[in-house]
Amino acid sequence: MSGVWVFNKNGVMRLVENPYNQSSGDSSDSTSSGGSQQQRMRRKILVHLPTSEVVSSYGSLERILKGLGWERYYYGDNADHLLQFHKKTSIDLISLPRDFSKFNSIHMYDIVVKNPNVFHVRDMAIQVKEGLEGAVPGVTVTLNPEKPRRGCFEIRKEGGETFISLLEMKRPFAPMKALDMEEVIEDIIKKIK
């Protein structure tokens, strides 16, 4: 977890993962959720380390957390718009938005901190790179050889075939979040071989 922690005007702290991508006058995010800053960051994924499973839904996350001793917490004023988990052996509480499309890196890092050595946050692009380079001998994957376009996720062969192309996505990038990256990697490997 590298970067710079910045306090917004409303006192909420957020992690700026690449502070050099931030323009100097960009302290006025539209909301405390990181509006324009999130568009500059690469998409993040939460990985369960023992199984290398990418958490792609609250169902899979709940299954993993229950195995670690966490249970659903249904009490409190926020029960209608938050999904919460509590561990009987600690005072920790994991609070997540009910809508999985609003599950972002802040929530992922909260889970990582409360479950050390069990989860890891990775870039989605890094997962594709490692998967392809590990499965196809001699292949080299280059991430963003040019400045990436806003709201786009594309995997293509240099000067050739496009394997996946999601263009002009609007926040919260639902089409990209819906991707099963392991399936995407397998499909690309089949096409390459």
Side-chain angles (χ1 to χ4, degrees), residues 1-22 26-128 130-131 170-182:
M1 198 162 79
S2 63
V4 177
W5 288 96
V6 177
F7 282 95
N8 290 344
K9 291 178 184 176
N10 61 1
V12 175
M13 189 168 60
R14 66 183 172 91
L15 176 66
V16 177
E17 296 195 19
N18 188 352
Y20 303 107
N21 257 353
Q22 299 281 321
D26 192 27
S27 61
S28 60
D29 282 339
S30 57
T31 64
S32 63
S33 66
S36 62
Q37 181 241 349
Q38 203 168 31
Q39 291 174 345
R40 281 189 221 101
M41 292 185 343
R42 290 185 189 153
R43 291 289 312 138
K44 301 290 185 186
I45 55 172
L46 182 66
V47 179
H48 181 237
L49 293 175
T51 62
S52 297
E53 177 184 353
V54 176
V55 174
S56 57
S57 69
Y58 281 147
S60 65
L61 178 61
E62 185 170 1
R63 180 181 40 79
I64 294 167
L65 289 175
K66 281 185 177 181
L68 296 169
W70 291 86
E71 54 189 42
R72 287 284 299 273
Y73 183 75
Y74 295 99
Y75 309 104
D77 297 335
N78 299 321
D80 57 335
H81 65 275
L82 287 178
L83 189 63
Q84 296 181 313
F85 296 92
H86 180 262
K87 200 171 194 177
K88 287 183 178 180
T89 59
S90 76
I91 60 169
D92 291 331
L93 183 69
I94 297 173
S95 297
L96 309 170
R98 278 214 180 268
D99 183 359
F100 189 74
S101 67
K102 295 179 180 170
F103 180 66
N104 61 33
S105 62
I106 293 171
H107 304 108
M108 293 177 195
Y109 285 122
D110 184 40
I111 293 169
V112 169
V113 167
K114 293 173 182 168
N115 296 281
N117 303 319
V118 178
F119 290 98
H120 186 70
V121 178
R122 292 190 182 146
D123 288 331
M124 187 182 286
I126 298 293
Q127 181 190 13
V128 173
E130 290 172 352
K170 303 285 184 225
R171 289 194 66 204
F173 311 113
M176 186 168 56
K177 283 188 174 184
L179 290 174
D180 180 348
M181 294 313 293
E182 291 174 6

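By convention here, the first residue in the shown sequence is residue 1.
From Y73, atom OH reaches atom CG of L93 across 6.5 Å, with rounding to the nearest 0.5 Å. Here the CG atom belonging to N104 is positioned 11.0 Å from the NZ atom belonging to K102, to the nearest 0.5 angstrom. Expressed to the nearest 0.5 Å, how far CG of L46 lies from NE2 of H120 amounts to 10.0 Å. Once rounded to the nearest 0.5 Å, the distance linking NZ of K66 with CZ of F85 reads 8.0 Å. Rounded to the nearest 0.5 Å, atoms CG (L96) and CE (M108) are 10.0 Å apart. Interatomic distance, OH of Y74 versus CG of L83, reported as 8.0 Å (0.5 Å rounding).
In this structure the side chain of I111 never reaches within 4.5 angstrom of the side chain of V55, judged on heavy atoms. Contact check for D92 versus K87: no side-chain heavy atoms found under the 4.5 Å cut-off. Using a 4.5 Å heavy-atom threshold, the side chains of F103 and S57 count as separate.
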Given the rule in the side-chain contact (heavy atoms from CB on, under 4.5 Å) test, do V47 and E53 qualify, once you have shown the distances and angles that lead to the verdict?
-> CA-CA 6 Å; V47 179; E53 177 184 353; over 6 Å; no
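Residues meeting the ring pair (Phe, Tyr, Trp, His ring centres under 6.0 Å) test with F119, sequence neighbours left out: H48.
Nearest heavy-atom pair across P97 and H107 is CD-NE2, 3.4 Å.
For the salt bridge (charged side-chain N to carboxylate O under 4.0 Å, His left out) condition, the pairs that include at least one residue of residues 103-115, sequence neighbours left out, are D110-K114.
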